[in-house]
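Basis for what follows: all heavy atoms, side chains included, without hydrogens, waters or symmetry-related copies.
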Amino acid sequence: MGNRRRSRERALQVLFQWDIHGKAGDWLEDFWVQHPASEDVRSFAEQLVEGVITHKAELDKLIGAHATNWKVSRMPVVDRNILRAALYELLWIPDVPAKVTVNEAIELAKRFADDETKKFVNGILDQVLKSDPRLEEKRADGLAASVKRET
């Protein structure tokens, strides 16, 4: 398993705890003691966690706009935090290709949720990727990559 995948898993676990507790506290340091990680893994995980916390309102609004008949607050904790982390990565981490972000979010859903979550996460991320103007460059990169594979 790659470092970034480990980072995403750790970030999801931290975000799950944060979503339940509402703020960082002793549990966060306890988490890292119980789940030791390399500096690279911890650094990327913390970047995702801090990004999600900082942009939570915007991320939730975006999820809510694309999750027909769902309120973000009523979604399972795992589902909404997979979506939050993936959307943060799509929107604010330019060096990660969109396809990688979406695939990694689906892998998290497979590991920590169920088949329905996998489909739900894929559908929401696909809608946002296709419609959000901030993701135009990532859409173009993905299109260029698929054209290269076909030729």
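Shortest non-hydrogen contact noted between Ala86 and Ala105 is CB-CB, 3.8 Å. The heavy-atom pair separating Tyr88 from Gln47 by the smallest distance is CE2-O, 3.8 Å. The minimum heavy-atom distance between Val96 and Thr101, with the atom names listed, is CG1-OG1, 3.3 Å.
Arg42 contributes atom CZ, which lies 9.5 Å from atom CZ of Phe31 (distance to the nearest 0.5 angstrom). Rounding to the nearest 0.5 Å places CG of Leu48 at 13.5 Å from CZ of Arg10. The distance from the CG atom of Leu87 to the CD1 atom of Ile124 is 8.5 Å, given to the nearest 0.5 Å. Here Leu15 contributes atom CG and Gln13 contributes atom CD; the two are 10.5 Å apart, rounded to the nearest 0.5 Å. With rounding to the nearest 0.5 angstrom, the CG atom of Asn81 is 9.5 Å from the NZ atom of Lys56.
Salt bridge status for Glu107 with Lys110: present, with a side-chain N to carboxylate O gap under 4.0 Å. Between Asp126 and Lys130, at least one side-chain nitrogen of the basic residue sits less than 4.0 Å from a carboxylate oxygen of the acidic one, meeting the salt-bridge criterion. Salt bridge annotation for Glu116-Lys119: present, with a cationic side-chain nitrogen under 4.0 angstrom from a carboxylate oxygen. With salt bridges taken as basic N to acidic carboxylate O contacts below 4.0 Å, one links Arg111 and Glu9.
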Mind running side-chain contact (heavy atoms from CB on, under 4.5 Å) on Val100 and Arg4 for me, showing each step along the way? CA-CA 10 Å; Val100 170; Arg4 288 231 166 150; over 6 Å; no
What's the verdict on side-chain contact (heavy atoms from CB on, under 4.5 Å) for Phe120 and Trp70, showing C-alpha distance, side-chain angles and the deciding distance? CA-CA 11 Å; Phe120 181 67; Trp70 276 96; 4.0 Å; yes
Using the rule given for side-chain contact (heavy atoms from CB on, under 4.5 Å), can you reason through Thr117 versus Val78, listing the C-alpha separation, both sets of side-chain angles and the distance that settles it, and then say yes or no? CA-CA 9 Å; Thr117 298; Val78 171; 5.5 Å; no
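Looking at heavy atoms from C-beta onward, Leu91 lies in side-chain contact with Leu62 at the 4.5 angstrom threshold. Counting heavy atoms from C-beta outward, Val49 and Trp18 have side chains that stay 4.5 Å or more apart. Using a 4.5 Å heavy-atom threshold, the side chains of Arg6 and Phe44 count as separate.
A donor-acceptor distance shorter than 3.5 angstrom exists from the side chain of Lys138 to the backbone of Leu90, with no hydrogens or angles considered. Between the Arg139 side chain and the Ala98 main chain, no donor and acceptor come within less than 3.5 Å of each other.
Grouping the Ile, Leu, Val, Met, Phe, Trp and Tyr side chains by contacts below 4.5 angstrom, directly or via other members, places Val33 apart from Val14. A single hydrophobic cluster is not seen to contain both Val41 and Ile93; linkage of ILVMFWY side chains at heavy-atom distances under 4.5 Å, directly or through other members, places them apart.
Judged by distance alone, the side chains of Asp40 and Ser43 never bring a donor and an acceptor atom under 3.5 Å apart.
The side chain to side chain donor-acceptor pair (under 3.5 Å) test applied to His35 returns no partner, not counting sequence neighbours. With sequence neighbours left out, the side chain to side chain donor-acceptor pair (under 3.5 Å) criterion links His66 to Gln127.
Within the structure, salt bridge (Lys or Arg N to Asp or Glu O under 4.0 Å) pairs that include any residue of residues 77-94 comprise Arg8-Glu89, Asp19-Arg80, Asp19-Arg84, Asp60-Arg84 (at least two apart or interchain).
Other residues, nucleotides and ligands place no more than 12 heavy atoms under 6.0 Å from the CZ atom of Arg74. Summarising the local packing, CG of Asn69 is surrounded by 12 or fewer heavy atoms from other residues, nucleotides or ligands at distances under 6.0 Å.
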